[in-house]
K.L.:
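My questions will all concern the structure given below.
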Amino acid sequence: MAKDYKDTLNMPRTDFPMRGRLPKREPLFQRKWEEKGVFKRLKEREAPLFILHDGPPYSNGHIHIGHALNKALKDFVVRYKALRGYRVSFVLGWDNHGMPIEKAVLDSKKTLKRLKNLLKEKVSDEVKGMVEDVVSSIDEAIKAKEERGFEDPEVKRLIREASRKYAALWVEVQKEEFKRLGVLTDWEDIYLTMDPEIEAKETEVLAKFTEEGYIYRGYMPLPWSRESQSALAMAEIEYYEKESPSLWFLAKSLDNDYYILVWTTTPWTLFGNRAFAFSPGMEYVLFRLPDGRTVVFSAEALDRIRETLGWEGEVVGRKKGTEFEGEKFQHPLFKDRVSPGILADFVSAEEGSGIVHIAPGHGKEDYEIGKVYGLEVFSPVDERGNFTKEADEQTAHPLNVVGLSIEEGGKRAIERLKELGTFVKLGKIRHSYPHDWRYKKPLIFRATSQWFLSLDHKDLRERALKAILNDVKWHPPESINRIYASVKERPDWVLSRQRAWGVFIPAVVCNNCGWETLVPEVMYRLAEDIRAGNSDAWLTEPLDRYLPEGFKCEECGGGDFSKKYDILDVWFDSGSTCITVLKGRNIGYPSDVYLEGWDQHRGWFNASLMVGMAHEDRPPYRTVITHGFVLDEQGRAMSKSLGNVVPPSYVIEKYGADVLRLWVASVEYTQDVRIGEEILKRIVDAYRKIRNTFRYLLSNLYDFTAPTDVMDVNDMLPVDRYALSRLHDVSTKAKEYYDAYEFNRLYRLLYNYVVELSSFYFESLKDRLYTWAPQGRGRRSAQTALYYILRELLLAFSPIIPHTTEEAWEYVPIENKPESIALALWEDLPESFKDPELERDFSTLVAMREEVYPALEVLRRDRKLIGQNLDARVEVKPKGEYGRLLERYLPYLNELFGVSQFVITDEPAGDERVEGEYGIWAVSHAKGNKCPRCWMWWEDLPEGEVCPKCKAALEGRDYVT
RNA sequence: GGUCCCGUAGCUCAGGUGGUUAGAGCGCGCGGCUGAUAACCGCGAGGUCGGAGGUUCGAGUCCUCCCGGGACCA
């Protein structure tokens, strides 16, 4: 029987599938965006401009989950801004030069294996096609290097060629991976730091800096990698635990009858000893040993030293640190050399003796204090870490260490101490020590001549610090501390690297006297050749082509020069993209937003700020957003050895990019974030709920079209106007959260709203939507609300889950809608939607609902008197003011409470009673008979007959007036 | 080793300037519906707010130390 009536109902229907099948279907929408040129249209429209300048990932290997987090966040911002009507600029970039790629190319075995593996992975044919070419280039480069050595320009050219191809390959791979994430951009408009145009522009930037006096040549100790035979920048250093020698020795005072006690963990640097540093504020003791010798060390360290060295003896005197300044000591290794006592603030007694061996050629602090005292910067070690002849030539008592490694030389130094009788103790110590980030090998400090960018020239640092405080917004606000500290503390920028794969620093050297210089004119001329397509011009072309007519050496007046082949630090490549890309391509300067991980305060944000300030005298960004790192479910960093790595491809292939993106939106990204199976499971659940909500909305709009069927707000039913008022709130808040980049609040707001909709509003709407007259006011009113909710929800979610919302968008019943949701405009809802009074009333009604529901639950679960709420009758004696509220909404109370009968009475009767804040409630099974069509119970309805409400509906009318 | 950040229910997150029984959603348990159905609805149980001290009439919120995790730096 009931079946007959079912056909007369307006049951929800839609073709929008319940299951997303994201891994399969997402690429369809990605292709759609590309084919329709969605982003091209967004970046070309007439509207205010919004720039997000992309920080370039390194083109070596697959993207990891951190890259995915980063690009997803950027995509949220860009898509949102586009939705709000901006013309958006988002040019994806890649960082191509540098040691890791050069190393990969020269380490053929590992690399070839990796490339072979790539052929088996899910990559495009285009990528596979590139592999062979890369492999043969690598082979050629390696063969040439073995035959002719690294310094040969042709070898360098071949290494560069192989590197270029290798980098291009990974750019292609990563591009596909970002595409699969759903990033909305113009894939034909990207930037590579190895683009000739960018290299040329970068060379010009360097020329300009040279002209303006920022660039100088300096000789100072720097972290040096023996493996890569290059100085390293701070960003290329990692710290690991390392076991080092712990050497205690004595140095004889030439002015007094005592020795000083010195401690070092780098015995090999004793060859470069030029002084001993004491702390100006510290007290020192004169300690008499049983053998009669007196030894000086820090008073604070007395107990520790006694214990460590097992010394018996007694304190026979005290001296202030300042008293040692200028005192002469014998060099630890060489009797014929003198090392003076000096004062340094950094000397402490935490470890060692409170007396520090100073080698200005082997340590940064040593160098700094050496400058103050005019000490020689002595660094008798070559690029492989072997001693040079200067190590022996400095004395008449050489240790003959030329050509020996620092380890062997260090042993000889210790033997010498023993010969001299000044050796005390040799032990071992484990401590954190700088290592080469690629080779994981300990670094040494070695003084070399390098090109520097001065941070204090023209007050660059000061200007940058001011800009940090005044001209840039930092999100989260605390991140300003990081950038400020990193700019304040950073040393002058070491620009030069002795490698092949990079942008050349086209310095020239006088063949007569060795004077080395940068000539702006050379650089500008070279830039033209690079721009024309020859990145290797500095290698392949004769110097005459670039050197100005009649150029003479400033030192000796000579006219015979050679080229130098140092390359630029890769941080200069990426740091200068604010000029080479933003200005070079006439995009605009500064960028509205930079958005990267917080390691970039030392890296890209810092480098970009320096270049930007020096070049444009204002920062390259208006807002800088930082995110944390991705950790595993237990909060540990991901690592191959722990086996807890979650690659983005895993998530995308298993759940879909929208799920990965929804995860990004759900977490507090300004801190470190976690990912793992349980977390993803929760996200998948949330995704399903959201998707189902879209589906339910669509399914109730199958016979509705906007704008034709859209009802005026003022004609709508109160419940539906309340729904619109809530929607207005949510929509306004959502935009606020987007504007504040608080995506996790946005996610929670929207998700909780979805939950609220489905448990309250949708639930209460069912009778009206399903059983009322299809075209009647009641149903159209509800549909109008649903339509607005759907539209608003899709727009609000579209930056986060663009594939799902795109799919749903195709079903949204709007005439002449934009081809893609990404092309739609998310405008503010009309103020007329807002109705605070309705919101107040309904929040009370909802609270009342929650007050009776436990009683209904008893009826259902314990007493088995009802099944669904529609079987129930509610009687209430309202308290205080609440009676008036209930009266006002009397026609809608059944609907709101989901029951068949709702009675306001002074004597509530029923099977279950409950007293609450709003009234005394009694609930029971509804009386009378159940309408076979709408399933509602009516007190005086003859059995088997259709209720008056349904009768009206069948006649195309609404029962309630 | 130094500096900074984080640590609230199983999970993800809220909890201005310290003040009633610490909140949400999910998950979990129990129940309903079978006209959103590999959906939907209801009810319920979960937290010594990392630990220990301290300041205070009163602390998740302020201070100190410790533990765990992370980042940056040397």
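Letters A, B, ... mirror the listed sequences (proteins, then strands); counts begin at 1.
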K.L.:
Compare the minimum distances between each of B/G31, B/U37, B/U12 and the side chain of A/E857, then state the nucleotide with the smallest one.
P.N.:
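Nearest to the side-chain atoms of A/E857, counting from C-beta on, is B/G31.
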K.L.:
Would a 4.5 Å heavy-atom cut-off, applied to side chains only, mark A/H362 and A/T266 as touching?
P.N.:
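Not touching, per the 4.5 Å side-chain cut-off.
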K.L.:
Is A/R933 close enough and on-axis enough to A/W935, meaning under 6.0 Å and within 45°, for cation-pi?
P.N.:
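No cation-pi geometry.
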K.L.:
Can you confirm whether A/I801 sits close enough to A/T805 that some side-chain heavy atom of one is under 4.5 Å from a side-chain heavy atom of the other?
P.N.:
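Yes; the side chains approach each other to less than 4.5 Å.
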K.L.:
Given the C1' atoms of B/A52 and B/G10, what is the spacing between them in whole Å?
P.N.:
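Those two atoms are separated by 26 Å.
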K.L.:
Can you tell me, in whole Å, how much space there is between the P of B/U17 and that of B/G42?
P.N.:
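About 34 Å, rounded to a whole number of Å.
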K.L.:
Tabulate protein N/O versus nucleotide N/O from nucleotides 7-10 of chain B, keeping only pairs under 3.5 Å, one per line.
P.N.:
| unit_1 | atom_1 | unit_2 | atom_2 | d |
| --- | --- | --- | --- | --- |
| B/G10 | O2' | A/E678 | OE1 | 3.4 |
| B/G10 | O2' | A/E678 | OE2 | 3.4 |
| B/G10 | N2 | A/R682 | NH1 | 3.2 |

K.L.:
As a test of the definition: with a 90° window around 0 for syn, would you call B/G46 syn or anti?
P.N.:
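Syn conformation for B/G46.
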K.L.:
Tabulate atom names and distances for all N/O pairs under 3.5 angstrom spanning the protein and nucleotides 22-24 of chain B.
P.N.:
| unit_1 | atom_1 | unit_2 | atom_2 | d |
| --- | --- | --- | --- | --- |
| B/A24 | O2' | A/N752 | ND2 | 3.3 |

K.L.:
Please tell me which of the listed nucleotides, B/U37, B/G35, B/C41, lies nearest to the side chain of A/R695?
P.N.:
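When the side chain of A/R695 is considered, B/U37 is the closest of B/U37, B/G35, B/C41.
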K.L.:
For the side chain of A/T771, starting at C-beta, report the closest nucleotide among B/C72, B/C40, B/G35.
P.N.:
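The closest nucleotide is B/G35.
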K.L.:
Could you pull out all residues at least two apart from A/D345 that satisfy side chain to side chain donor-acceptor pair (under 3.5 Å)?
P.N.:
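A/D345 satisfies side chain to side chain donor-acceptor pair (under 3.5 Å) with no residue once adjacent residues are dropped.
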K.L.:
Given A/Y853, which partner from the list A/E851, A/E857, A/R849 fulfils the side chain to side chain donor-acceptor pair (under 3.5 Å) test?
P.N.:
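Answer to the side chain to side chain donor-acceptor pair (under 3.5 Å) test with A/Y853 among A/E851, A/E857, A/R849: A/R849.
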K.L.:
Please tell me which of the listed nucleotides, B/A36, B/C13, B/C26, lies nearest to the side chain of A/Y751?
P.N.:
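Of the candidates, B/C26 comes closest.
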K.L.:
Would you indicate which nucleotide in B/U12, B/G35, B/A36 comes nearest to any side-chain atom of A/N692?
P.N.:
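Looking only at heavy atoms from C-beta outward on A/N692, the closest nucleotide is B/A36.
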K.L.:
Rounded to whole Å, please give me the gap between OH in A/Y687 and C1' in B/A38.
P.N.:
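It works out to 15 Å between those atoms.
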K.L.:
What's A/K689 touching, base or sugar-phosphate or nothing? Going by heavy atoms closer than 4.0 Å.
P.N.:
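Sugar-phosphate only.
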K.L.:
Identify which nucleotide among B/A36, B/U12, B/G35 has an atom closest to any side-chain atom of A/L9, counting heavy atoms from C-beta outward.
P.N.:
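Closest nucleotide to the A/L9 side chain: B/G35.
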K.L.:
Given pairs defined as Watson-Crick or G-U wobble with both distances under 3.5 Å, what dot-bracket annotation applies to RNA chain B, with ( ) intrastrand, [ ] crossing, | other strand and . unpaired?
P.N.:
(((((((..((((.....[...)))).(((((.......))))).....(((((..]....)))))))))))).
K.L.:
Can you tell which of B/C5, B/C43, B/C41 lies closest to the side chain of A/P854?
P.N.:
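It is B/C43.
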K.L.:
State which of B/C13, B/G15, B/C41 makes the closest approach to the side chain of A/R745.
P.N.:
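Ranking B/C13, B/G15, B/C41 by closest atom to the A/R745 side chain puts B/G15 first.
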K.L.:
Quick one: on RNA chain B, does A/Y747 or A/E763 contact a more 5' nucleotide (nearest heavy atom)?
P.N.:
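Per heavy-atom nearest nucleotide, the more 5' residue is A/Y747.
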K.L.:
B/G42, B/A39, B/C40: which one has an atom nearest the side-chain heavy atoms of A/M18?
P.N.:
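Nucleotide nearest to A/M18's side chain: B/A39.
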K.L.:
Could you write out each protein N or O paired with an N or O of nucleotides 32-34 of chain B at a distance under 3.5 Å?
P.N.:
| unit_1 | atom_1 | unit_2 | atom_2 | d |
| --- | --- | --- | --- | --- |
| B/G32 | O2' | A/G867 | O | 2.8 |

K.L.:
Does the side chain of A/K766 get closer than 4.0 angstrom to OP1 or OP2 of B/A36 through an N or O atom?
P.N.:
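The answer is yes; a side-chain N or O of A/K766 sits under 4.0 Å from OP1 or OP2.
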K.L.:
Are A/R873 and A/W937 in a cation-pi setup, meaning NZ or CZ lies under 6.0 angstrom from the ring centre and within 45 degrees of the ring axis?
P.N.:
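Relative to the ring axis of A/W937, which defines the angle, A/R873 lies outside at least one limit.
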K.L.:
Between A/L746 (CG) and B/C13 (P), how many Å, whole number?
P.N.:
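Distance check: A/L746 CG to B/C13 P gives 14 Å.
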K.L.:
Only counting residues at least two apart or in another chain, list the ones meeting side chain to side chain donor-acceptor pair (under 3.5 Å) with A/E742.
P.N.:
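Result, side chain to side chain donor-acceptor pair (under 3.5 Å) vs A/E742: none returned.
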K.L.:
Check the orientation of A/W921 and A/F902. Use parallel for under 30°, tilted for 30 to 60°, and perpendicular for over 60°.
P.N.:
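Aromatic pair A/W921/A/F902 classed perpendicular.
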K.L.:
Would A/R779 pass as a cation-pi partner of A/W772, given that its NZ or CZ must be under 6.0 Å from the six-membered ring centre and within 45 degrees of the axis?
P.N.:
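Checked: cation-pi criterion not met.
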K.L.:
When you get a sec, tell me which of B/A14, B/A71, B/A36 is the closest nucleotide to the side chain of A/P12?
P.N.:
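So the side chain of A/P12 is nearest to B/A36.
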K.L.:
Determine the interatomic distance between C1' on B/U56 and the same-named atom on B/U61; round to the nearest Å.
P.N.:
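Roughly 13 Å separates the two C1' atoms.
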K.L.:
Is the terminal nitrogen or CZ of A/K949 (NZ for Lys, CZ for Arg) located under 6.0 angstrom from the six-membered ring centre of A/Y959 and within 45° of that ring's axis?
P.N.:
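No cation-pi geometry.
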